[in-house]
Number of protein chains: 2
Amino acid sequence: LPDALIIALDAMGGDDAPGVVVEGAALARVRHPEVKYSFYGDEAVLKPMLAQHAALNAVSNIVHTDNVISPDMKAGQALRQGRTSSMGMAVTAVKGGEASAAVSGGNTGALMALSKFILRTMPGIDRPALVALLPTIRGESAMLDLGANVECSAENLVQFAVMGAAYTRLALGLSRPKVGLLNIGSEDLKGHDTIRLAAEQLRHADLPYEFIGFVEGDDIGEGTADVVVSDGFTGNIALKTMEGTAVLIMALLRKAFGNSLLSKLGYILAKGGLQSLRNHMDPNTHNGGMMLGLNGLVIKSHGGANSSGFASAIDVAIELANGNLQERIAVDLAAVEQAAEAATKETAAE
Amino acid sequence: LPDALIIALDAMGGDDAPGVVVEGAALARVRHPEVKYSFYGDEAVLKPMLAQHAALNAVSNIVHTDNVISPDMKAGQALRQGRTSSMGMAVTAVKGGEASAAVSGGNTGALMALSKFILRTMPGIDRPALVALLPTIRGESAMLDLGANVECSAENLVQFAVMGAAYTRLALGLSRPKVGLLNIGSEDLKGHDTIRLAAEQLRHADLPYEFIGFVEGDDIGEGTADVVVSDGFTGNIALKTMEGTAVLIMALLRKAFGNSLLSKLGYILAKGGLQSLRNHMDPNTHNGGMMLGLNGLVIKSHGGANSSGFASAIDVAIELANGNLQERIAVDLAAVEQAAEAATKETAAE
């Protein structure tokens with residue numbers, strides 16, 4: 001039997017930490033009774049909180065630290081001062097093998113910087129990428145990079161595709177995810193040279209995913225691809241444009257419903273339906289973004305997550321750790337490189 | 001008194017042409033009784049249609065052509081075969097001064113290619129840009145470039161900003177539009193070098209608009225800027241992501257309302273409100289996209305526009321023609337160049 005999985009928790013990160021972290025772990029424990037938890041943070045605060053959750057307490061330990069990364073701390077400062085923080089220590093636990101994954105709801109920039117610094121990029125990956133799950137008409141899709149890399153080479157994009165595909169196989173349980181490159185037209189001649197070159201390389205590889213070619217901005221919400229790959233500049237703008245459009249439509253909806261007495265009555269009656277829509281668009285249910293391509297798993301929970309949101313970030317951590325995400329990426333990367341070499345030889349032989 | 005404005009209409013362009021074109025012009029005529037219309041297309045079809053609109057007929061003439069650009073014709077083919085088409089002839093009328101602006105609901109790629117070829121880029125503008133009006137929480141904003149230029153220099157972005165600002169002053173009636181550069185962070189250090197350089201140049205100029213610096217993807221729906229400037233790759237992806245998100249939310253909404261009998265009843269009562277939302281997001285009310293920076297005005301109407309959508313594209317054409325858009329752009333461009341020169345001299349003198 002393998003050792004029990006241990007998840008390192010940054011107990012002090014996030015708007016409502018440490019309460020939400022402890023309650024989130026209590027929820028996750030019910031779903032994963034075999035997993036153990038290490039809480040990094042203020043022991044004097046955490047101890048009485050954990051005492052209220054006997055079952056969780058039995059599978060948890062606390063590692064004390066006074067040092068906390070503030071929400072507005074710059075990445076550089078976090079690197080200088082943050083390695084003994086609750087966040088830094090949780091990530092270091094993954095590095096040292098004391099934990100299989102770390103989960104934090106704290107300062108995103110600091111988490112990315114600390115994770116990159118402490119864990120380093122895995123062999124074969126030039127640059128790590130930020131990935132997240134987004135709601136679509138068909139369910140959920142993963143999109144990456146969401147802002148870690150402003151400019152990307154074709155090789156970077158190919159690596160993102162491989163990492164994203166491995167991620168959705170575990171996080172979404174897909175056996176053969178569809179991978180698309182974000183572009184401005186589905187015709188082969190559109191877009192940057194970089195994207196066309198990446199498409200060429202992805203087409204050759206025989207991998208446990210399907211490369212469906214180029215997808216456009218409206219394909220994101222449509223769910224045409226399970227993995228949407230782009231450079232970090234475009235990906236970040238697409239992600240934030242989605243968020244802004246959702247806010248816009250909700251505002252218009254509120255206004256529209258206020259137009260007449262009948263509409264208002266309808267709104268009251270339809271409240272349940274609207275609530276379910278809000279839940280679907282709620283970042284809490286689409287939690288568990290992370291930086292792919294490091295020597296270890298660090299999952300970012302939404303800073304404003306409630307306990308169920310934090311629990312779903314823990315779920316993702318457990319699924320990825322159990323599924324050996326890192327190993328899958330390494331295997332798939334090797335296959336892509338092999339296919340590229342074979343294609344080069346073939347061209348040379350012609 | 002100046003001569004009456006003449007608008008050239010591609011009578012055969014768009015899904016429901018020529019019916020929608022004639023009916024759209026009839027609607028526009030009521031709002032602008034002083035304007036005249038030239039219909040380019042099949043006279044045998046157009047004549048009886050116009051006869052049914054006596055008031056419009058009195059201010060219209062028909063220029064016959066059999067040649068029509070098909071919706072799926074490639075830009076290259078349109079350039080070879082399309083100059084005697086209804087679309088090509090309408091654009092040529094602007095070039096020759098027989099019309100003050102052209103409006104077409106036909107094939108976008110063909111219209112852009114023909115407009116660029118026939119009208120050429122105006123002095124001081126290196127590359128024309130696609131602009132459109134988008135719904136926001138505050139009303140409407142213009143965004144450009146939406147796909148005409150995949151890669152852009154800082155100078156291109158500055159020119160887009162000047163053109164977009166002049167456009168919103170006329171199309172939205174703003175006296176001092178706010179101009180923002182689309183970026184992945186509002187801090188000065190984020191994003192590409194190109195964008196930072198463009199920001200530097202825009203900051204120096206003293207113009208009839210306010211440069212508010214960088215805006216992010218969620219600022220588009222928020223309406224933070226009246227003019228959102230980006231390269232064509234990013235702009236196109238942001239635009240289509242907005243469209244896709246709107247479709248996604250509408251689909252989720254339908255599903256949400258079907259969840260319970262109470263929700264369904266609410267939906268029926270709230271239908272008026274939802275209809276008003278749909279109208280707000282409807283491309284027909286946000287019609288009148290165009291290519292800015294050419295020696296003449298060509299307005300693109302949505303291919304699926306109804307008569308009121310086509311009429312609003314004509315409205316935009318009339319507003320821009322009356323406001324001398326081209327002249328305003330030329331004046332503002334000169335001011336930007338002067339400011340840049342002054343800044344260079346100042347730096348040299350230091």
Side-chain angles (χ1 to χ4, degrees), chain A residues 135-137 147 150-151 182-185 190-192 216-223 230 232-253 255-260 262-281, chain B residues 135-137 147 150-151 182-185 190-192 216-223 230 232-253 255-260 262-281:
Chain A
T136 74
I137 289 182
V150 169
E151 276 161 306
L182 192 58
N183 200 350
I184 67 169
K190 292 212 174 168
H192 295 283
E216 299 192 58
D218 49 349
D219 288 306
I220 303 172
E222 190 74 45
S230 79
F233 187 85
T234 313
N236 182 281
I237 282 176
L239 175 72
K240 292 210 168 152
T241 300
M242 281 191 91
E243 289 171 6
T245 307
V247 170
L248 164 66
I249 294 180
M250 289 308 194
L252 294 176
L253 206 57
K255 218 173 124 190
F257 276 126
N259 271 350
S260 72
L262 217 59
S263 289
K264 270 184 200 154
L265 180 61
Y267 182 75
I268 291 163
L269 292 175
K271 242 183 179 168
L274 286 172
Q275 194 52 51
S276 108
L277 169 64
R278 249 179 234 127
N279 290 346
H280 193 98
M281 297 299 295
Chain B
T136 74
I137 290 182
V150 169
E151 277 160 307
L182 192 58
N183 199 350
I184 66 168
K190 292 209 173 168
H192 296 282
E216 299 192 57
D218 49 349
D219 288 307
I220 304 172
E222 190 75 48
S230 79
F233 187 86
T234 313
N236 182 282
I237 283 176
L239 175 73
K240 293 211 169 151
T241 300
M242 282 192 91
E243 289 171 4
T245 308
V247 171
L248 164 65
I249 294 180
M250 288 309 193
L252 293 176
L253 205 58
K255 216 172 124 191
F257 276 124
N259 270 352
S260 73
L262 217 58
S263 289
K264 270 185 201 155
L265 181 61
Y267 182 74
I268 291 164
L269 291 175
K271 241 181 179 171
L274 285 171
Q275 195 50 51
S276 108
L277 170 63
R278 250 179 234 127
N279 289 345
H280 193 97
M281 298 299 295

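Chain A is the first sequence line, chain B the second, and so forth, proteins listed ahead of strands; every chain is numbered from 1. Computed from a predicted structure; not experimentally measured.
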J.: How far does CG of B:Asp218 sit from OG1 of A:Thr245, to the nearest 0.5 angstrom?
T.: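 It comes to 9.5 Å.
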
J.: If you take all heavy atoms of B:Ile237 and A:Ala238, which pair is closest and at what distance?
T.: CG2-CB, 4.2 Å

J.: Can you tell me how far apart OG1 (A:Thr241) and NZ (B:Lys240) are? Round to the nearest 0.5 Å.
T.: 14.5 Å

J.: Specify the closest pair of heavy atoms between B:Ile249 and A:Ala246, including all atoms of both residues, with the distance to one decimal.
T.: CD1-CA, 3.4 Å

J.: When heavy-atom pairs shorter than 4.5 Å are enumerated against chain B, which of A:Gly221, A:Ser230, A:Gly217 gives the highest number?
T.: A:Gly217

J.: Which residues pass the side-chain hydrogen bond (donor to acceptor under 3.5 Å, both in side chains) test with B:Thr234, sequence neighbours left out?
T.: B:Asp231

J.: Rounded to the nearest 0.5 Å, how far does CG of A:Asn236 lie from CG of B:Leu182?
T.: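 Rounded to the nearest 0.5 Å, the CG-CG separation comes to 9.5 Å.
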
J.: At a heavy-atom separation under 4.5 Å, does A:Ile137 approach chain B through its side chain, its backbone, both, or neither?
T.: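 Both the backbone and the side chain of A:Ile137 come within 4.5 Å of chain B.
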
